[in-house]
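Right, one structure below, let's go through it.
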Amino acid sequence: MKRYKPKPRLYRGFRDIFASDLLMRQQMLDSIREVYELYGFAPLETPAVEFVETLGKFLPESQTPDGGIFSFQNEDDEWIALRYDLTASLSRVCAQYKDIQRPFRRCQVGPVYRLEKPGPDHFREFYQFDFDTVGTKSMMADAEGCCVLCDALEKIGIERGNYLIKVNNRKILNGVLETSGVGLIDTSTDDSRAMNVLRSIDKYDRIGLKGVKELLTTGREDASGDVMKGLGLSENEISPILEYLQVGTGDRVEVCDQLESIVGNSEIGMKGIEELREIDKNLRCLGYEEGQIVFDPTVVRGLGYYTGPVFEAVLTFEVKDEKGRVKSFGSIGGGGRYDDLVKRFTGQEVPATGASIGVDRLLEALKLVGKLEERSTSTSVLVAAMDKNHLFDYQLIAKELRSAGINTELYLGNKGIGGQFKYADKCKIPLVVVAGEDEFSAGELQIKDLEAGRELAKEVLDRETWRKDRPAQFAVKREDLVAKIKETLNL
RNA sequence: GCAGCUGUAGCUCAGUUGGAUAGAGCGCCUGACUGUGGAUCAGGAGGCCGAUGGUUCAAGUCCAUCCAGCUGUACCA
């Protein structure tokens, strides 16, 4: 009789994550959380599923959700979706629980979902680690956001100089748009001229000044032959934009001065520059240098909800991947000020600012840099089950080690002692405790240090010698077991 | 989404102008070695050649469509 057998397979853009990656991720998350909590951000957890209206992702003029999110209808025909970031849920929480004390400072880690084209380091389910302050207009909160990002990156082992926080202000971008005559940002429509100009500015680091100019005017054809039609701006309109792009990322005060000469006539632009100056004062007071945090007028970030300062964390070093190709990591996090997010629910203006670290991308980077201890298990000791007559003794040995806080596995398979060593070797368990009749009657146990043995095995020995010498193995008195194991593990 | 490239064993890949039972290395399993990882040696398992249709006496090989992956580009709240 034939039965239907499902093929084991993964849905596009999703993945299984095994112990070695998870153990590294955990190390990283612990470090980040430690920094967030140092600044007084309290943890929060919300569901992965929200109403689409909560996420604000209905398409304009239509009853259907944005195509970029995973959505479905419940039994009452309401649209439900997987969250695409943690900020929308935060604003819902702030609108829903009215007695929350403000400023509300929370951090949150969890998976988010986006229905986009997946790639090598680009999945449809990935982790973000956010921190936000809701209910403060103070630029100190925005400056603090940058500091938190710096501290967190350094805490996980990225040295100063290998990362950079790039800061800009949406108000200044608005100022340029106003000065050029393109008009202010209107977030209600996706296809306005202002939006498209911002998209072009965002590409500056990739396509350069010439490329941006082409996009703003006549259009551009890239190396693959793809054609993008231009926005058809006039010379007068593009000239302040091009001047703006060339300000660069020098001294923070100088950047502000230069920006002032370009957008000085725009009220909103001036406001943005004032905000940056205030952030700079804060950063200087705290000792955060230009090498860590710069003002970069070309930073745009997502188009959606930012209203003031925006920042982006990038890794500045390059690394070769397994195939020897140069890999550079772009943005590994970022954030900014969003003063209108809670307003959607309550009508009240609630100023807020915060940022987020892209956990998976950062993890990939750290793996290639070798900043994390790579382990395929957290188990330290395997108690070998050699003699069926002593199974309960093995249990008690394992229990004793566990009571001492040592991660211990009792071998539960059906292989002989040789197979058990092989198992420990493959699983990267560093120590094996072995005992048989001889040891029990002598009141002893054998400890084998597999990692030390691996080193010894590099000199080629014949089988007989290898077995007879029992490399990296020694006997201990039964009562010294825990102490000796701890010593060997450097605990 | 659009364009180009790729899809053969768990992994990395061979496979002639279309030609008979589809190969290698690594890994895996078994044994030499019933109380010791590695090295060595001997043996073994493992494949609807991404899927479906077509051309042909004959398809891993050619054509079409689909699926998946890679590269670029667009979008990325």
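Order of the sequence lines fixes the chain letters, A, B, ..., with proteins taken first and strands second; residue numbering starts at 1 for each chain.
As the counterpart of B:A74, no nucleotide is assigned, since no Watson-Crick or G-U wobble pattern has both distances under 3.5 Å. Of the nucleotides present, B:C11 is the one that pairs with B:G25 by Watson-Crick or G-U wobble criteria, both distances under 3.5 Å. In this structure B:C48 sits in no base pair that meets the Watson-Crick or G-U test at under 3.5 Å. The partner of B:C5, taking Watson-Crick or G-U wobble pairs whose two distances both stay under 3.5 Å, is B:G69.
Among B:C75, B:G69, B:U71, the nucleotide with an atom closest to any side-chain atom of A:R12 is B:G69. Comparing B:C76, B:G37, B:C75 by their nearest atom to the side chain of A:K422 picks out B:G37. When distances run from any side-chain atom of A:D425 to the nucleotides B:G38, B:A74, B:G69, the shortest one goes to B:G38. Checking B:C70, B:G37, B:A77 against every side-chain atom of A:P120, the shortest atom distance belongs to B:C70. Of the candidate nucleotides B:G37, B:G35, B:A77, B:G37 has the atom nearest to the side chain of A:K448.
Among the protein residues, A:R454 comes within range of the nucleic acid bases, having at least one heavy atom under 4.0 Å from a base atom. Contact annotation for A:L456: no contact, since no heavy-atom pair falls under 4.0 Å across all strands. When heavy atoms are screened at a 4.0 angstrom cut-off, A:Q420 is found touching no nucleic acid atom at all. Residue contacts for A:D85: at a heavy-atom cut-off of 4.0 Å it reaches no nucleic acid atom on any strand shown. If you check every strand for non-hydrogen atoms under 4.0 Å, A:D449 touches a base. Counting non-hydrogen atoms under 4.0 angstrom, A:G56 reaches nothing in the nucleic acid. Residue-level contact check: A:R83 touches neither bases nor backbone, having no heavy atom under 4.0 Å from any strand.
Taking atom P on both B:U61 and B:U17, the two are 15 Å apart, rounded to the nearest angstrom. As rounded to the nearest Å, B:A14 and B:A24 have C1' atoms that lie 7 Å from one another. A gap of 49 Å separates the P atoms of B:U71 and B:U34, to the nearest Å. When the P atom is compared between B:A32 and B:G15, the two are found 40 Å apart, to the nearest whole Å. Using P as the reference atom, B:C75 and B:G69 are 22 Å apart when rounded to the nearest Å. Nucleotides B:G23 and B:G60 have their P atoms positioned 14 Å apart, rounded to a whole Å. Nucleotides B:U40 and B:U8 have their C1' atoms positioned 32 Å apart, rounded to a whole Å. Between the P atoms of B:G37 and B:U30, the separation comes to 14 Å (whole Å).
OP1 or OP2 of B:C75 has at least one side-chain nitrogen or oxygen of A:K203 nearer than 4.0 Å.
A donor-acceptor contact under 3.5 Å is formed by the side chain of A:R470 with the base of B:U36. For A:R463 and B:C33, a side-chain-to-base donor-acceptor distance below 3.5 Å is present, hydrogens and geometry of angles not being considered. The base of B:U73 lies close enough to the side chain of A:K117 for a donor and an acceptor atom to sit less than 3.5 Å apart. For B:G35, the base has a donor-acceptor partner in the side chain of A:E439 [N/O atoms by modelled type, under 3.5 angstrom]. Counting distance only, with no hydrogens placed and no angle test, the side-chain atoms of A:Q473 and the base atoms of B:U36 include a donor-acceptor pair under 3.5 Å.
Note that A:K166 lies outside the cation-pi zone of A:F295, set by a 6.0 Å cut-off to the ring centre and a 45° limit from the axis. In this structure, A:R105 is not positioned above the aromatic face of A:F131 in the sense of NZ or CZ being under 6.0 Å from the six-membered ring centre and within 45° of the axis. Judged by a 6.0 Å distance limit and a 45° cone about the ring axis, A:R124 is not positioned over the six-membered ring of A:Y113.
Between A:F123 and A:F126, the ring centre distance reaches or exceeds 6.0 Å.
Between the OH atom of A:Y305 and the C1' atom of B:A77 there is a distance of 7 Å, rounded to whole Å. A:D469 places its CG atom 12 Å from the C1' atom of B:U36, with the value rounded to the nearest Å. Distance A:K415 NZ to B:U36 C1': 15 Å, rounded to the nearest Å. What separates OH of A:Y423 from P of B:G38 is a distance of 16 Å, to the nearest Å. Atom C1' of nucleotide B:C33 and atom CD1 of A:I417 are separated by 14 Å, given to the nearest angstrom. Rounding to whole angstrom units, CZ of residue A:R199 and P of B:U73 are separated by 17 Å. The nearest whole Å value for the distance from the CZ atom in A:R467 to the P atom in B:A39 is 15 Å. One interatomic measurement links the two molecules: CD1 of A:I429 to C1' of B:U36, which rounds to 15 Å at whole-angstrom precision.
Classified by interplanar angle (parallel below 30°, tilted 30° to 60°, perpendicular above 60°), the ring pair A:Y394/A:F440 is tilted.
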*Report the C-alpha distance between A:E50 and A:I80 in whole Å, list the side-chain angles of each, state the deciding distance to 0.1 Å, and finish with yes or no for side-chain contact (heavy atoms from CB on, under 4.5 Å).*
CA-CA 6 Å; A:E50 296 271 7; A:I80 314 291; over 6 Å; no
*Checking salt bridge (Lys or Arg N to Asp or Glu O under 4.0 Å) for the pair A:R193/A:E237: CA distance, chi angles, key distance, verdict?*
CA-CA 12 Å; A:R193 278 212 308 174; A:E237 286 172 317; 3.3 Å; yes
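Taking the nucleotide of RNA chain B with the nearest heavy atom to each of A:P471 and A:R206, the more 5' of the two is matched to A:P471.
Between the A:N168 side chain and the A:P297 main chain, a donor and an acceptor come within less than 3.5 Å of each other.
B:A39 has no stacking from A:W466 on its base ring, since the centres under 5.5 angstrom apart and planes within 30 degrees of parallel are not both found.
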